[in-house]
Amino acid sequence: MALVTGSGRGIGRAIALHLARNGADLVINFFRNRGPAEQTAEEIRALGRQALLVKANVGEIEEINAMFDQIEAEYGGLDILVSNAASGYNRPVLEQRPKGWDWTMNINARALLFAAQRAVPLMEKRGRGYIVSLTSPGGTRVLPDYAVVGASKAAIESLTRYMAIEFAPKNIVVNAVSPGLVATDALQHFESTRQEGILERLAAANPTGRLATVEDVANVVAFLCTPAAEMIRGQVIVVDGGRTLLAGDIN
Ligand SMILES: NC(=O)c1ccc[n+]([C@@H]2O[C@H](COP(=O)([O-])OP(=O)(O)OC[C@H]3O[C@@H](n4cnc5c(N)ncnc54)[C@H](OP(=O)(O)O)[C@@H]3O)[C@@H](O)[C@H]2O)c1
């Protein structure tokens, strides 16, 4: 049984479908958009796997707990947690407000900590487990209007390292995946990625000549949830075609 937070749409949906094709049953979590989540669940059932649909705002601890109560009651255990859901107040540092900080940090970073606290006992029952979080290059580098989301991603990357060490004796593998730009609805929230022709320009500037797709990201997340990845612990795996290796203007 695998839980992917925010799996009705975008990268989360691709991860859920990939895990289902690999034989997992899924918990599909959504917050605002029930329709796409129902459709994702239907596609998973069409693959012959089970799909439990759970509405929960992962920014609220009570809603995380209610989701895990439901998983525990229906399945009694959990093998995989993918902490993918994200939101954020995108604006310059001087325009940030406490509400945006709390909202962003709670959904993106706090959710990982408290979901992991509930996931670990369910994984211990299975004898092993895998936790993968979605972070972004903005956790370590500077993107336009991304200060608070970037801070939340840095927190995710740090938590990933602590959890990898603390959960290792429990046979739970913890890592993070950092995609470069992926064409999902998320790009509509940034002025810089709403510009006409920007995706084509960024694809041309990528060493591979294209942007990473949701499937590229899902492939790596799914790999990190297999015994083949057993000795990769607490790492942030970048999936961007090498884009962030480039030093800037001279490239
Ligand atoms: N796209 C990129 O270029 C990119 C690059 C680097 C990293 N990432 C990371 O990859 C992950 C997925 O990104 P994406 O592009 O697929 O995002 P997206 O298209 O904006 O989708 C966001 C997903 O998160 C869910 N969500 C948002 N707030 C939630 C909440 N409070 N509780 C539960 N679910 C919530 C949404 O569910 P509802 O629709 O139901 O609200 C939706 O399924 C994120 O962690 C993002 O930071 C993305």
Side-chain angles (χ1 to χ4, degrees), residues 3-18 26-41 53-68 81-90 100 102-112 114-115 132-141 143-146 148-157 159-160 176-190 192-194 198-199 202-203 206 210-218 220-221 236-241 243-244:
L3 163 62
V4 183
T5 65
S7 44
R9 303 186 288 122
I11 292 172
R13 167 191 151 82
I15 294 168
L17 286 167
H18 194 109
L26 262 301
V27 180
I28 299 301
N29 158 245
F30 70 100
F31 174 26
R32 289 194 169 114
N33 294 291
R34 177 178 289 274
E38 275 174 352
Q39 207 183 325
T40 303
L53 195 61
V54 183
K55 180 178 195 297
N57 173 4
V58 298
E60 300 290 342
I61 306 279
E62 312 79 64
E63 297 193 31
I64 292 176
N65 281 332
M67 175 163 63
F68 275 92
L81 165 63
V82 181
S83 187
N84 164 83
S87 187
Y89 276 58
N90 303 320
D102 290 346
W103 173 268
T104 307
M105 292 304 268
N106 291 350
I107 293 173
N108 297 1
R110 191 177 72 174
L112 168 62
F114 292 100
V132 181
S133 297
L134 273 292
T135 179
S136 94
T140 49
R141 303 167 70 104
L143 300 174
D145 294 342
Y146 203 76
V148 170
V149 182
S152 73
K153 295 300 191 185
I156 288 171
E157 294 179 17
L159 279 172
T160 296
V177 168
S178 182
L181 200 73
V182 181
T184 68
D185 297 343
L187 303 193
Q188 293 309 315
H189 304 308
F190 297 93
S192 52
T193 48
R194 277 199 303 265
I198 186 72
L199 296 186
L202 290 171
N206 190 291
R210 68 176 182 87
L211 297 176
T213 64
V214 294
E215 285 79 20
D216 290 320
V217 180
V220 177
V221 172
V236 177
I237 310 295
V238 178
V239 182
D240 74 344
R243 180 70 184 89
T244 49

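Read the numbers this way: they start at 1 and go in the same order the structure lists the ligands and their atoms.
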Arg141 atom CZ: more than 12 heavy-atom contacts under 6.0 Å | no
So, do Phe31 and Val58 sit near enough that their side-chain heavy atoms are less than 4.5 Å apart?
-> no
Within-4.5 Å side-chain heavy-atom neighbours: Arg110 and Ile61 | yes
List the atom of Ser136, the atom of Glu157, and the distance in Å for their closest heavy-atom pair.
-> O-OE2, 3.7 Å
What's the shortest heavy-atom distance between Leu134 and Ile156, and which atoms?
-> O-CD1, 3.9 Å
Give me the ring orientation class for Tyr146 and Phe190: parallel if the planes are under 30° apart, tilted from 30 to 60°, perpendicular past 60°.
-> tilted
Mind listing the N or O contacts between ligand 1 and protein, cut-off under 3.5 Å?
unit_1   : atom_1 : unit_2 : atom_2 : d
ligand 1 : 1 (N)  : Val182 : O      : 3.2
ligand 1 : 1 (N)  : Thr184 : OG1    : 3.3
ligand 1 : 3 (O)  : Val182 : N      : 2.8
ligand 1 : 3 (O)  : Val182 : O      : 3.3
ligand 1 : 15 (O) : Thr184 : OG1    : 2.5
ligand 1 : 16 (O) : Ile11  : N      : 2.8
ligand 1 : 31 (N) : Asn57  : OD1    : 2.7
ligand 1 : 32 (N) : Ala56  : O      : 3.3
ligand 1 : 32 (N) : Val58  : N      : 3.0
ligand 1 : 39 (O) : Arg9   : NE     : 2.6
ligand 1 : 39 (O) : Arg9   : NH2    : 3.1
ligand 1 : 39 (O) : Asn33  : ND2    : 2.7
ligand 1 : 40 (O) : Phe31  : N      : 2.8
ligand 1 : 40 (O) : Arg32  : N      : 2.9
ligand 1 : 40 (O) : Asn33  : N      : 2.9
ligand 1 : 41 (O) : Arg32  : N      : 3.1
ligand 1 : 43 (O) : Gly6   : O      : 3.0
ligand 1 : 45 (O) : Asn84  : O      : 2.7
ligand 1 : 45 (O) : Lys153 : NZ     : 3.0
ligand 1 : 47 (O) : Lys153 : NZ     : 2.9

